[in-house]
Amino acid sequence: MQQTTVTPVERAREMIDNVRQELGRRIVGQQRMIDGLLTGILAGGHVLLEGVPGLAKTLTVKSLAEVMDVSFRRIQFTPDLLPADLIGTMIFRQQTGEFVPRKGPVFSNIILADEINRAPAKVQSALLEAMEERQVTIGDTSYPLSDPFFVLATQNPIEQEGTYPLPEAQLDRFMLKLSVDYPSLEEEKQILRRVGNPAPVDLERTLFRNDVVRLRETIASITVDERIEDYIVRIVTSTREDPEHRKMGALKYIEFGASPRATIYLYRCARVRAVMEGRGYVIPEDVKAVAPDVLRHRLVLSYEADSEDFTSEDVIEMLLSAVPVP
Amino acid sequence: MSPVSLIRRFIAPVVVTGILLAVLPPPVQGQSVVQVLFLPQTFYVGDMVEARVVVRSAENLTLTIPENLPVTEWVTIHAVTVVQRADGFEVRILFQPFFTGTRQLPPIGLGAMELTGVSAFVSTSTTRSDVELEPIQDQVLLPGTRVLVAVTVFILFGLPLIIVLTSRWTRQGLAAAMKWYRERRPYRRLARSLRLLQGEMHDLDGKTFYIRLLDEARAFLDSRYDASILSATTGEMPVLLEQSGIDPATKSGIVEMFQFGDLVKFAHHTVSLEDRVRHLEQLRKVAAETRERERKHVGS
């Protein structure tokens, strides 16, 4: 009897598929959002979800935490939230007569920062500092955050009254910004049918801490050819100065382009995408697939783009259709 | 400067002026010409000359300028003015001589007196003395002016006329030639590149071979089909080619070639010589089919 050998990439894909399937038991559709969240988690980056209310953003993140063997905290960002509510503070213990640290909800593996743009800038900064440094300081002591540590933030593109939009520098720290769209007609019908069934769907843990480590190792072993690296760099630089694309007219719609951090994230996400597709190597398709989510929040559009009603997606599409594929 | 010219230019006028002064007409009723000065001192036929005749007069004469100035064949007097001086007056005669040699200006009546006997020496630049007076000539043109004028007139009027008369034929001919050249350019380029690639096939490694082959394929397809193949991934290609109306069999062949190429380029798969030859021929076949398709399309 012939024994088939399962490669690490195939095993990784199987694990990811299991998570997808498990999530699919509770979430109808939204495959792009699920894949985006998994990409962020496996690539070691934070994800910002943007979409109108009622698109299962929070449910998806909660469900994802359920299928993973990790701690999860949800923080509802409100205008009166304080940094201490997030990272913790020193409290006085009467019995011992000393101050002891009380760690905040940020000390979890997955943080859902719900409606992140509703909290003031100082709270956003506290979280974003934790995201970047992966440690927080309470009193005089710095405490490392859990590993893995992912921030999945949500924000609502409408109702801007009383919100604190994230500045560009802070947006740049999110690896991906996923734009969550309405489900299709068929998906919406399925959602309706599930509402009729009040039995709760219990999700099974399919991805354990060790699995995440193994997945990351597999992702790190993915082959990225030099031409793919060139392609990634060309895409990102085309948002800034590449004269080759000036003629395409896309650059006039960009006030500020993407930083080299985008190049790094695009590279990492493309590798994850290759694993998700069961490949041990990255092809241009992987780069192109993740480019909109990586670049979307990093482009500051110009007045011309506003006047012509162009969104970041339109401009990214223009750029991608101008950069030759290797 | 030659001695003759020296004599003509400097010595002769001085001598002549001296002689003229010596033979000046007798004073008229208490007036005497004491000095005759020509400005310029040396002048030629056609020059505008001013003669300043200084007349000493004891009496205080009232002089009038004649309405009609005297006219002679050899000289045209343009103007006469009188300037009063302490010891007499100065008559200024602006004239233009047309004959060479020493000649007397015609008498000029000034009312109370008549100015006569004023001689002028008109110099000549020629050595011949038997030359007849020529009428005033037209302005001399620069060499090549006539040719330039003719060419300009031709460009302005002749050329547009020729273009208008032959435009239809020229336009059609030029358009056909351009179309012919443009249509064949991608095929020529591809054929040349594939020939080159075939020649180097044994020396190139698989990855380099497929990079070059697929780059040529992309450039060719991008130029022949209404789709952005240059920026399309292998996964996007089937849809784009289908939208361009390509034959399904040809499309499958192209997609298979690109998928195989991706494996070689990005996954570093080993590749046999047979595969290279197969894909080289496949691209040639695609080019031939595309050409045939275009020919039929033009024919229909």
Side-chain angles (χ1 to χ4, degrees), chain A residues 7-10 13 35 218 221-232 234-239 242 244-245 247-250 266-267 270-271 273-292 295 314-326, chain B residues 186 189-190 193 197 204-244 251-252 254-271 275 279 283 286:
Chain A
T7 63
V9 175
E10 284 167 347
R13 189 191 180 175
D35 284 353
T218 308
S221 70
I222 294 298
T223 306
V224 184
D225 189 74
E226 199 185 332
R227 278 165 67 90
I228 295 289
E229 290 173 358
D230 287 345
Y231 184 51
I232 290 171
R234 277 212 304 272
I235 287 175
V236 177
T237 53
S238 73
T239 66
D242 198 343
E244 203 179 308
H245 307 111
K247 65 180 178 197
M248 300 304 292
L266 193 52
Y267 179 82
R271 281 176 137 180
R273 211 261 179 184
V275 172
M276 283 178 157
E277 295 296 314
R279 264 184 279 102
Y281 54 95
V282 176
I283 57 172
E285 217 144 341
D286 299 323
V287 180
K288 220 171 177 178
V290 293
L295 297 175
D314 298 327
V315 177
I316 292 165
E317 201 180 313
M318 279 184 222
L319 292 170
L320 290 177
S321 65
V323 180
V325 165
Chain B
R189 188 174 176 273
L190 181 71
S193 304
L197 204 54
L204 293 174
D205 62 287
K207 189 180 165 187
T208 314
F209 176 84
Y210 274 92
I211 286 172
R212 282 175 55 180
L213 181 77
L214 298 187
D215 281 354
E216 288 299 336
R218 271 182 200 283
F220 174 75
L221 293 170
D222 195 80
S223 68
R224 299 328 294 164
Y225 292 95
D226 186 23
S228 303
I229 303 289
L230 278 176
S231 61
T233 61
T234 305
E236 291 166 339
M237 226 169 260
V239 180
L240 287 174
L241 292 173
E242 207 167 303
Q243 282 170 355
S244 305
K251 183 194 82 181
S252 312
I254 294 170
V255 173
E256 187 274 325
M257 183 174 70
F258 273 94
Q259 281 168 344
F260 188 87
D262 278 355
L263 279 174
V264 179
K265 285 194 293 181
F266 306 123
H268 306 154
H269 273 218
T270 48
V271 57
D275 287 328
H279 286 131
L283 189 53
V286 168

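Numbers restart at 1 for each chain; the letters A, B, ... are given by sequence-line order, proteins then strands.
At distances below 3.5 Å, at least one donor-acceptor pair connects side-chain atoms of B:K265 with backbone N or O atoms of A:P326.
Of the atoms belonging to B:D222, not a single heavy atom falls under 4.5 Å from chain A.
Listed in order of number, the residues of residues 228-239 of chain B that approach chain A to under 4.5 Å between heavy atoms are B:L230, B:S231, B:A232, B:T233, B:T234, B:G235, B:E236.
Residues that satisfy the side-chain contact (heavy atoms from CB on, under 4.5 Å) test with A:T223, not counting sequence neighbours, are A:Y281, B:H268. When the ring pair (Phe, Tyr, Trp, His ring centres under 6.0 Å) test is applied to B:Y210, the partners found at least two apart in sequence or on another chain are B:F260, B:H279. Residues that satisfy the salt bridge (charged side-chain N to carboxylate O under 4.0 Å, His left out) test with A:E317, not counting sequence neighbours, are absent from this structure.
Applying side chain to side chain contact (heavy atoms under 4.5 Å, CB included) to B:F266 and the options A:D225, A:D286, A:V282 leaves one that passes, A:D225.
With rounding to the nearest 0.5 angstrom, the CZ atom of A:R227 is 5.0 Å from the CG atom of B:D215.
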